[in-house]
Amino acid sequence: MTSAALPPSSVTVRVPAKVNLELLVGAPREDGFHPLVTVYQAVGLCDDVTASRSPGWTLGVTVPDWIDPDAVPVTGDNIVDRAARLLAEHHGAELHAAVSVTKSIPVAGGMAGGSADAAAALVALDRLWDLDTSDDDLLRLAAELGSVVPFALVGGTALGTGRGELVEPVRDPATWWWVVVPSDAGLSTPAVYRRFDELTPDAPAEPEEARALLLALATRDPVILAGALHNDLEPAALDLRPDLADLLELGEQSGALRGLVSGSGPTCLFLAEDADAAREVAGRLSEEHDVVLVTNGPVAGAHVVTYA
Ligand code: C5P
C-alpha cells in the first residue's frame, strides 16, 4: 500500500556561484540585451535558501561577517520576491512562506549571487507548495527572472547562448581550483555592458563559438585551461575599476596560472594548478586583501539539502 507523502514544513536549497570561463559578447540586440556565447562553471561558494510554512510572506537575509549587510537588497523588488510571485502566479497559488537566504556568494560581484538565490527560491517554493513544476517550466520561469538564473538551476559546466539564458551542459571531467577575491564596492552589470558598447563599437552581431575553451576543459590540464580563459567584459570592468588590474597582476605574481575578472566584475578569479597552489596564492593575496576565498568547480546546481 502506498500513501502520499505530506508536504514539508521547511525546505532548504543550496545553490552555487558561477564563474564564466569564457564570455564572448556581441553587439546589443533590439531588446537591449547582448548576445552571448559563454561557458559557465558552478563553483563551491554557495547560498542556502530556506522556505518555511507561514501564513504571510517574509524574506530575510543572513550574511557572514565579510559581507556588508547593506549591500544586500531585502526590501522592494528583490529578485527572490519576484521569483516567488512568478512561481505562485504560474500555478495560481497563494504567496505564503517565510524565506531566509544565508549568503556566502560575494554580493554584486559578477558571481550571480542574486540570480542563484532566485533559482534556489523557485526550487524551494516548488517543493514547499508541492507544485511539481516541470524542469522545462522551471527553466522558462528562471529565464524570465534573469539571464543567469537558468544556469544556477543546471550547475556543473554549461554552454550559455542567447542572452545567457539558454544552457546546455558540457563535458568537464576535472576539478579546477579557484581563488576568489571579492571587492568592497560592487560594479553595476548594465554599466559594464554600456562601457563594453563604448569600447567595442565593432562587436559582432553573433559572438564566435567557444570551441577552444571546451577542448581545454577536456584536457584536464590547468595550464591549458589558463591559456583559454577569456572575458570580453574584462576591458570594460578594468576601465571602470583600474585598481583591479593591479589585483590581477598580484595574483599572477603570487603563483596563479591566470587571473581574470569574473563576469561583469568586480570580483576577480585566479586559476591555480591544484588545491595546495590555490591555498598558497590565497595566503599571499590575504596579505593585501581582507577577503580571499578558495573554492573549486564544477559543482551541482540548485539542490535540496533539507526537507523537513
Ligand atoms: O538578465 P539580467 O537581469 O541578469 O541582466 C542584468 C542586466 O545586464 C541587463 O539589464 C542588461 O543591462 C545587462 N545584460 C545584457 N546582456 C546580457 C545579459 C545582461 O546587456 N546578455
- Message: Side chains of His34 and Asp197 only: does a donor on one sit below 3.5 Å from an acceptor on the other?
- Response: yes

- Heavy-atom donor-acceptor pair, Trp129 side chain to His96 backbone, under 3.5 Å: yes

- Listed partners of Glu288 passing side-chain contact (heavy atoms from CB on, under 4.5 Å), at least two apart: Leu250

- Message: Any non-hydrogen side-chain atom of Trp177 less than 4.5 Å from a side-chain atom of Leu271?
- Response: no

- Message: Using a 6.0 Å cut-off, check whether atom CG of Asp135 has over 12 heavy atoms from anything other than its own residue.
- Response: no

- Minimum-distance pair of heavy atoms, taken over all atoms of Ala116 and Ala152: CA-CB, 3.8 Å

- Message: Looking at Thr157, is its backbone amide N or carbonyl O close enough to the side chain of Asp172 to form a donor-acceptor pair, meaning the two atoms are under 3.5 Å apart?
- Response: no

- Message: Is there a path of hydrophobic side-chain contacts, each under 4.5 Å between heavy atoms of I/L/V/M/F/W/Y residues, joining Leu260 to Val281?
- Response: no

- If you take all heavy atoms of Ser262 and Asn231, which pair is closest and at what distance? C-ND2, 4.3 Å

- Are the side chain of Ser147 and the backbone of Glu165 linked by a donor-acceptor contact shorter than 3.5 Å? no

- Task: Can you spot which of Leu213, Leu23, Leu229 makes a side-chain contact (heavy atoms from CB on, under 4.5 Å) with Val39?
- Result: Leu213

Just distance, no hydrogens or angles: give the donor-acceptor pairs under 3.5 Å from side chains in residues 102-115, sequence neighbours left out.
{"from": "Lys103", "atom 1": "NZ", "to": "Asp47", "atom 2": "OD2", "distance (Å)": "2.4"}
{"from": "Lys103", "atom 1": "NZ", "to": "Asp117", "atom 2": "OD2", "distance (Å)": "2.7"}

- Would you indicate whether Glu94, at its atom CD, is surrounded by more than 12 heavy atoms from other residues, nucleotides or ligands within a distance under 6.0 Å? no

- Message: Checking Val291 now: which residues fulfil side-chain contact (heavy atoms from CB on, under 4.5 Å) with it, not counting sequence neighbours?
- Response: Trp66, Pro182, Leu293

- Query: Between Thr189 and Ser264, is any side-chain donor less than 3.5 angstrom from a side-chain acceptor?
  - Reply: yes

- Query: Hey, does Val43 have a side-chain heavy atom less than 4.5 Å from the side chain of Leu269?
  - Reply: no

- Distance from Trp176 atom CH2 to Glu273 atom CD, nearest 0.5 Å? 10.0 Å

- Of the options Asp132, Asp126, Thr133, which is the one that meets His91 in a side chain to side chain donor-acceptor pair (under 3.5 Å)? Thr133

- Message: Counting only heavy atoms from other residues, nucleotides and ligands, does the tally under 6.0 Å from CG of Asp290 exceed 12?
- Response: no

- Shared ILVMFWY cluster between Val15 and Val154, side chains joined below 4.5 angstrom? no

- Let me see the working for Arg195 and Leu233 under side-chain contact (heavy atoms from CB on, under 4.5 Å), right down to the final yes or no. CA-CA 9 Å; Arg195 187 56 60 96; Leu233 292 181; over 6 Å; no

- Please lay out, stage by stage, how Asp48 and Thr12 fare under the test side chain to side chain donor-acceptor pair (under 3.5 Å). CA-CA 6 Å; Asp48 279 353; Thr12 299; over 6 Å; no

- Cationic N near anionic O, under 4.0 Å, Arg279 to Asp276: yes

- Message: Strictly by side chain to side chain donor-acceptor pair (under 3.5 Å), give each pair with a member in residues 205-223 just once, sequence neighbours left out.
- Response: Glu209-Arg211

- Main-chain N/O of Ala226 paired to Arg258 side chain as donor or acceptor, under 3.5 Å: yes

- Query: Tyr40 vs Phe151 aromatic rings, parallel, tilted or perpendicular, using cut-offs 30° and 60°?
  - Reply: parallel

- Give the minimum heavy-atom separation between Leu125 and Ala51, together with the two atoms involved. CD2-CB, 3.7 Å

- Note: Ala118 and Val80 closest approach over all heavy atoms is N-CG2, 4.3 Å

- Query: Of all heavy-atom pairs between Ala185 and Pro266, which one has the smallest distance, and what is that distance?
  - Reply: O-CG, 3.3 Å

- Message: Atom CG of residue position Asp184 - does it have more than 12 heavy atoms of other residues, nucleotides or ligands inside 6.0 Å?
- Response: no

- Message: Minimum heavy-atom separation for Leu87 and Leu122, please, with both atom names.
- Response: CD2-O, 3.7 Å

- Message: Do Leu217 and Arg171 have side chains that approach each other closer than 4.5 Å (heavy atoms only, starting at C-beta)?
- Response: no

- Message: For Glu144, is there an ion pair with Arg140 - N to carboxylate O distance below 4.0 angstrom?
- Response: yes

- Message: Checking the side chain of Arg53 only, and the main-chain atoms of Pro8 only, is there a donor and an acceptor separated by less than 3.5 Å?
- Response: yes

Result block: side-chain N/O donor-acceptor pairs under 3.5 angstrom for residues 295-308, not counting sequence neighbours:
{"from": "Thr295", "atom 1": "OG1", "to": "Gly44", "atom 2": "N", "distance (Å)": "3.0"}
{"from": "His303", "atom 1": "ND1", "to": "Gly301", "atom 2": "O", "distance (Å)": "2.7"}

- Query: Rounded to the nearest 0.5 Å, what separation is found between the CD1 atom of Ile79 and the CG atom of Leu59?
  - Reply: 12.0 Å

- Query: Do the side chains of Val101 and Val149 join up, straight or via other hydrophobic residues, at under 4.5 Å, putting them in one cluster?
  - Reply: yes

- Item | Pairing residues for Cys268 by the side-chain contact (heavy atoms from CB on, under 4.5 Å) criterion, not counting sequence neighbours | Leu244, Leu247, Leu248, Val261, Phe270

- Message: Hydrophobic cluster membership, with links at side-chain heavy-atom distances under 4.5 Å among I/L/V/M/F/W/Y: are Val99 and Leu145 in one?
- Response: yes

- Message: Please report the interatomic distance CG(Leu36) to CG(Leu24), rounded to the nearest 0.5 Å.
- Response: 9.0 Å

- Message: Glu198 vs Arg194, test: salt bridge (charged side-chain N to carboxylate O under 4.0 Å, His left out). Steps then yes/no.
- Response: CA-CA 6 Å; Glu198 288 159 9; Arg194 275 198 302 277; 6.0 Å; no

- Message: Using modelled atom types and a 3.5 Å cut-off, is there a donor and acceptor pairing between side-chain atoms of Thr200 and backbone atoms of Ala203?
- Response: no

- Task: Nearest 0.5 Å please: distance from the CG atom of Leu225 over to the CG atom of Leu215.
- Result: 11.5 Å

- Co-membership, hydrophobic cluster, residues Phe33 and Leu159, 4.5 Å side-chain: no

- Kindly say whether Val19 contributes a backbone atom to a donor-acceptor pair with the side chain of Gln41 at under 3.5 angstrom? no

- Task: Could you go through the side-chain contact (heavy atoms from CB on, under 4.5 Å) check for His90 and Leu86 one step at a time?
- Result: CA-CA 6 Å; His90 178 71; Leu86 196 63; 5.9 Å; no

